[in-house]
Every structure is written in C-alpha cells, then in structure tokens.
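Quick notes on the structure that follows.
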Amino acid sequence: MKKNEDTTLDFIRTRIESDIKSNKNNGRVHTRFPPEPNGYLHIGHAKSICLNFGLAQEYNGKCNLRFDDTNPSKEEVEYVESIKKDVRWLGFDWEDREYYASDYFEKLYEYATQLIKKGKAFVCDLTADQIKRYRGTLTEPGKESPYKNRSVKENLELFRKMRKGEYEDGSRVLRAKIDMSSPNLNMRDPVIYRIVHESHHRTGDKWCIYPMYDFAHGLCDSIEGITHSLCTLEFEDHRPLYDWFLEQLNVFHSQQIEFARLNLSYTVLSKRKLLELVEEGYVKGWDDPRMPTISGLRRRGYTPESIRDFCDRIGLAKRESVVDIDLLEHCLREHLNKKAKRVMAVLDPLEVIIDNFPEGKEEHLDAENNPEDPGMGKRKIPFSRSLYIEKEDFREDPPRKYFRLAPDREVRLKHAYYIKCNQVIKDKGTGKIKRLHCTYDPETKGGWSKDGRKVKGTLHWVSARHAIKAEIRLYDRLFQTKNPLDVKKGEDFKKNLNPESLKIIPSCMLEPSVSNARPGDRFQFLRKGYFCVDPDSKKGHLVFNQTVPLRDTWAKILKKQKTYE
RNA sequence: UGGGGUGUAGCCAAGCGGUAAGGCAGCGGCCUUUGGAGCCGCCAUUCGGAGGUUCGAAUCCUCCCGCCCCAGCCA
C-alpha cells in the first residue's frame, strides 16, 4: 500500500502518534535496527530498516544501528561490515550511533548480579538436556531445578567464577527465577547467561560467559533509551519476559511492538537457508545477483529507491503474508524507466545487409537517451551497410499479429530507417538462416516517412562494424515454486531450485556508446530490459547483468495463441 | 486437549456502527519511432462460518472453524 495523505496510518504509526500526543517519553521517538552479524542482510531486513529509520525521520527522532552480538560462535566482522554497507546503500544514516550489545557486556553482567542479589536469578548446574526435560511441555508444567534455592551468596560466588573461566562450556548457566508452571515457556526460569569459551569479534577473549538474546535485547533497548522497539511476530511471546527484566531491574521501559515479517513469493528469506545456498555452492556468494540479499539485489542492478518504495508499498500489519515478487519488480521498473539511459544491444544477432547502402559509408544518427526525460539528452549512433538485428525479430513464416520483419515486409529500425526484407540466405547444410538482404528507404531517415506510410514494427539494431561485444548474464527466479519451502516430507527446499536461473550469453553486440560504462552503471537495452554493468567486467570485456526484463506483451499474446490453438 | 497471535479479491492492504479505499497481478480499449512507458475502463451485493444485538454490522456479542508462533545453553 502506498503511503499518502489519504490513507490511514498503520498500527505502529497510530500507536506512536498516540504516544506523542500523550507526551509519553516527552514525545521522543527513538528506534533501532538490531541485526545479528551472522549473515548478510536481505530484502526482509530492508523492511525493518525502512521502518525503523523511516519512523525516526518522520517523527523527528533517532534510529540506532545496534549489532546484537551475543553469540560469538556465529558472528564475524565480515558480516558487520556488509551490514553497515547495505544500510548505508539503502540510504540511511545512523550518524554516530553505531552500537553493539557487546558494548554493554559489563553493564549486563551488573544487571545479572542485581537479579541474583534480589533473589531473582540462580546458577543452575543441570545439563542442557536436563534443563530441557525439566522445562515440561506445551501442555504440562515444568519442574523446578534442584539448584533454584541456592543462597544469594553462593549464586554470586558461582556467577563470579563462571566469569573467571573456572568452569567448562555447558557446565553451568545463570537462570532467572520466574515460574516453572507458566503457560508461556519463555517464563519457565529461562537461561540468561551461558558459558562459551570462544573469542568474540569485538571483545576478544575478555569474556567466557555471554548473555542470552532474551536477557540482552530488552535491556540494550532500555540502556539506549529506545522508545519503540519493533520486532517480528515470533517475539511476541518473549515480551512478558523482557518486561519482567525491566521491572525487576527498575530501568527505562521501551515498548516492544511486533509486526509480520516479509515473505516474498518464489524466494527464501532465512539467513540459515541463504547461508546454505552460499556454502554449498548453489549460488556464487552472498552477492550473487539471484540472491534476495541487499548485496545481491545491488549487484543485480536494483536501486535503493525502488527497494524503499517497495517497503513503503507492502504495508505493515500483524498477519502473516506473502508479497508477490511482481510488486518488487514493478517498483524497480517504475524507477528504472525514469532513470535508465536507453541503448541498443542485440543479444542474439542475425546479420542484415542493406543492399542499397554503399559499402564503406557510415552515418551517425541522433538517438534520444530517455523518452521519459528529454533532459538526459541525445547521442549519436553509427549506421552502416551491415547490421545486426535480433534473431527473434525475423520470421520467415510470421504468425498472426507478428509485426516484426518477414520476407517482403517493411519495419522501422529505431532512430534510423525503414527497411524491407528481400532475400533470406540460408546455410546449405543446416538450413538455418544465415543472413538477410534488405533495402532501406533513404527518405525515412530518423524513422519517419513523409508519405505518411505506416509501419507496424520497430526493431533495435547495431552496426556490425561498430558494435562492441559484451557478456550478458540473464537471470530467472532462483526457485521455480511460489513457496520454495513447500516440499514433501523428507525433501529439501533446494529441490525447488530453478536449474535455469542463470544463462550466460558470451558475446552480445552493443552500440559503441556503452564502451566506457563502469561497474554499477544501469541501462535499458531497448525492447529487452534493464541491465547493469557487473564488477566482473575487465578492460575490453564488459559483463552485464540483466536486472529485469521489460514487460513483454508479445510473449503474452503468443502464450494465449498457443493455449487457444 | 497450554499460551500467544491472526483471518477483508489471485497477492498485499484500508476500514474502528451509516451501506467495501488504494496498490500489484489479470482482463478490455486508447495511444505509441521500445509489443516499453503513458492513459481510460473492468475486476468483493460481500468481509473464515453460524447465530445474536441494532433502523442499520466487516466493524458489537456468543459459539465454531482455519492458519502462524512457542518445549535452543540461537537470534
């Protein structure tokens, strides 16, 4: 849904406005985007980033970037760097507010100590497996740990020794004393600190005990003075626990509000599964242009504007939903249509000889760079006797409604002339079409005819002699099923991978004006789609990624004809 | 047969007791030197279901049904 004056506010904005009105937190709005640096950001995170940073902008507040780095065994600096790059690229600025849960480890330890002193936490010697069994089930209450009644003094001592490194991983944990019979399993004396002898990407070997997310998250929000702590639905059950900590410790109370995470058709948005695709080589890396990661989308040629627009349009609610990937592509095309420079490229060349155009002669024709924006100017494109057109733009025996080139038929070459096909040269052996002989009408320069004669088709083309070659990578959706996770029992989501998601065309013919394009540059290849220069490009060897094809009405007509014939 | 959420079109999503916004997709048409773009029109007699309250219900009440999440020393 698009935001504008006429539409009403979503439930989060409604709530924030009412908080402002009642002067809660003195009308302050302070949010945060809290990624764990254990993977690359994806389009689902973009929803959260746009929400949190967007809210701060709209309500004149602030938004922190905070890394929730409480699990040293999964987190790496590579991920924090990529996350910072992606958030920036999306167009958001956290200024000097780059925080880490690990910045607060000392404070968190102090909070845990306070809990112990209040008799609200204890050191438990049960094994992980025992704790699990003591927890009970969804329908049965749990049992209290035999260690729950240790004295404050003993707990303090034990916890201190845990920190000092006197115990092995897994031998003891610190637990909150809440209620083993709570119907909310999160309240059944949850673990809040565990022993992990592992070096942390920021704190190194300073710590060998680490707070659990459930303990750290709400308290970090509190420390930072976060007024509205937005997270996804699955944390709704954890809110009572966070609130319990805040209450026991009597500290600033952030308000957590949960919303539904983004799901996208034909794609998988789970860090674990994306990691799997990367590690097992199904894609070439986190930034493979087929990946729904921010870095993948960037490399594919998506613009930050289009992603932000998408995030504005998908809406915000509490019901689980799957947004149609068509909406994402729509936002992309809408933006690229206005911004991308038009250029001609022939992906699958067929030679055309203009018999009545003198050998050796060349002309330089005017071409607009973007019909949507005259301000983008014009360029010259060379025309000569030998050209390439797209193979699919010629049919010896044209089907109904085909208005491209065919024997004795006249079409327009975009920005150039009308041409008429006179002769088809075939390979004697294979019978395949090798070359076309055409004549052009010199009176139609620029693509107009003074006699008012109309031509139905307009083709893109390049001059053979002037063309530059480039590699083009065409992408299709990574998964062939709408919901890639929908598999039979025992089957893996990877069986839904599309084996044809990448097609490489090693040598396409492009008009010479693109010869000094740089990685990241975006173009519309006329009548084909939007493309951008891949960083794999070398001097003299350009590589383009197809960002998204143009809408193809002709393909639709063909499909319909097929189904009715 | 515990607890927490949630059901409005193919997909999102407004709506908050006065007679179903909008976007995407789809379908028709117009226009077009990109079969692109643009423009115009169509697309829920009905809101998970059944009862009830009311002059009036997607909105309130009751019961029922579906779907999602929770039994990590992950986040």
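As a basis for the values below, the full set of heavy atoms in this structure was taken, side chains included, without hydrogen atoms, waters or symmetry mates. Letters go in sequence order (proteins before strands), and every chain restarts at 1. No experiment lies behind these values; they were computed from the predicted model shown.
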(request) Pick the P atom in B/G66 and in B/A75, then give their distance to the nearest Å. (result) 35 Å
(request) Taking only the side-chain nitrogens and oxygens of A/Arg194, find out if one of them lies under 4.0 Å from OP1 or OP2 of B/A75. (result) yes
(message) Looking only at side-chain N and O atoms, does A/Asp129 offer a donor or acceptor that is under 3.5 Å from a partner on A/Thr127?
(response) no
(request) Give a yes-or-no answer on whether the side chains of A/Glu36 and A/Asn38 include a donor-acceptor pair shorter than 3.5 Å. (result) yes
(request) Considering only NZ, NE, NH1 and NH2 on the basic side and carboxylate oxygens on the acidic side, decide whether A/Lys378 and A/Asp366 come within less than 4.0 Å. (result) no
Distances under 3.5 Å only, N/O to N/O: pair up the protein atoms with those of nucleotides 67-69 of chain B.
{"residue": "B/C68", "atom": "O2'", "partner": "A/Glu320", "partner atom": "OE2", "Å": "3.0"}

(message) The side chain of A/Asp324 is closest to which nucleotide in this list: B/U6, B/C73, B/C11?
(response) B/C11
(message) Quick test of your reading of the model: are A/Glu58 and A/Arg13 salt-bridged, counting only N-O distances below 4.0 Å?
(response) yes
(request) Would you mind checking if A/Glu234 and A/Arg261 are paired as a salt bridge, meaning a charged N to carboxylate O distance below 4.0 Å? (result) yes
(message) Quick test of your reading: applying salt bridge (charged side-chain N to carboxylate O under 4.0 Å, His left out), list the pairs with at least one residue in residues 171-198 of chain A, sequence neighbours left out, ordered by first then second residue.
(response) A/Asp125-A/Arg172, A/Lys148-A/Asp189
(request) Using a 90° cut-off around 0 for syn, call B/G72 syn or anti. (result) syn
(request) Tell me the stems RNA chain B sits in, counting at least three consecutive Watson-Crick or G-U wobble pairs, each under 3.5 Å on both distances. (result) B:2-7 with B:65-70, B:10-12 with B:22-24, B:26-30 with B:38-42, B:48-52 with B:60-64
(request) Between B/C67 and B/U1, how far apart are the P atoms? Round to whole Å, please. (result) 14 Å
(request) Go through B/C12, B/A75, B/G3 for me and flag the one nearest to the A/Asn184 side chain. (result) B/G3
Under 3.5 Å, side-chain donor or acceptor atoms of residues 319-326 of chain A against the rest of the protein: list the pairs with distances, not counting sequence neighbours.
{"residue": "A/Asp324", "atom": "OD1", "partner": "A/Asp326", "partner atom": "N", "Å": "3.1"}

(request) Taking only the side-chain heavy atoms of A/Val173 (C-beta and beyond), determine which of B/G72, B/A13, B/C73 contains the nearest atom. (result) B/C73
(message) Looking at A/Thr70, I'd like to know whether one of its side-chain N or O atoms comes within less than 4.0 Å of OP1 or OP2 on B/C74.
(response) no
(request) With sequence neighbours left out, write down each residue that passes ring pair (Phe, Tyr, Trp, His ring centres under 6.0 Å) with A/Tyr440, or none if nothing qualifies. (result) A/Phe357, A/Tyr417
(message) If only side-chain N and O atoms count, and only distance matters, is there a donor-acceptor pair under 3.5 Å linking A/His335 with A/Thr303?
(response) yes
(message) Can you tell me which nucleotide in B/A13, B/C74, B/A71 comes closest to the side chain of A/Lys132?
(response) B/A71
(message) Each nucleotide in nucleotides 35-42 of chain B should get exactly one letter: B, S or -. Can you fill that in based on protein heavy atoms under 4.0 Å?
(response) BBS-----
(request) Considering just the side-chain nitrogens and oxygens of A/Arg135, establish if one lies under 4.0 Å of OP1 or OP2 belonging to B/G72. (result) yes
(message) Does either side chain, that of A/Thr267 or that of A/Arg477, offer a donor lying less than 3.5 Å from an acceptor on the other one?
(response) no
(request) Among the candidates B/A75, B/G23, B/G4, find the nucleotide nearest to the side-chain atoms of A/Leu327. (result) B/G23
(message) Hydrogens and angles aside, do A/Tyr242 and A/Asp214 bring a side-chain donor and acceptor to less than 3.5 Å of each other?
(response) yes
(message) Rounding to an integer number of angstrom, what distance separates B/U46 and B/G3 when you compare their P atoms?
(response) 36 Å
(request) Could you measure between the two C1' atoms, the one in B/C65 and the one in B/C24, and give it in whole Å? (result) 30 Å
(message) If you compare every side-chain N and O of A/Arg188 against the phosphate oxygens of B/A71 (OP1, OP2), does one of them come in below 4.0 Å?
(response) no
(request) Ignoring backbone atoms, test whether A/Thr8 places a side-chain nitrogen or oxygen under 4.0 Å from the OP1 or OP2 oxygen of B/G15. (result) yes
(message) Does this structure show an ion pair linking A/Glu224 with A/Arg66, if we count only N-O contacts that are shorter than 4.0 Å?
(response) yes
(request) Among the candidates B/U1, B/G23, B/A75, find the nucleotide nearest to the side-chain atoms of A/Asn71. (result) B/A75
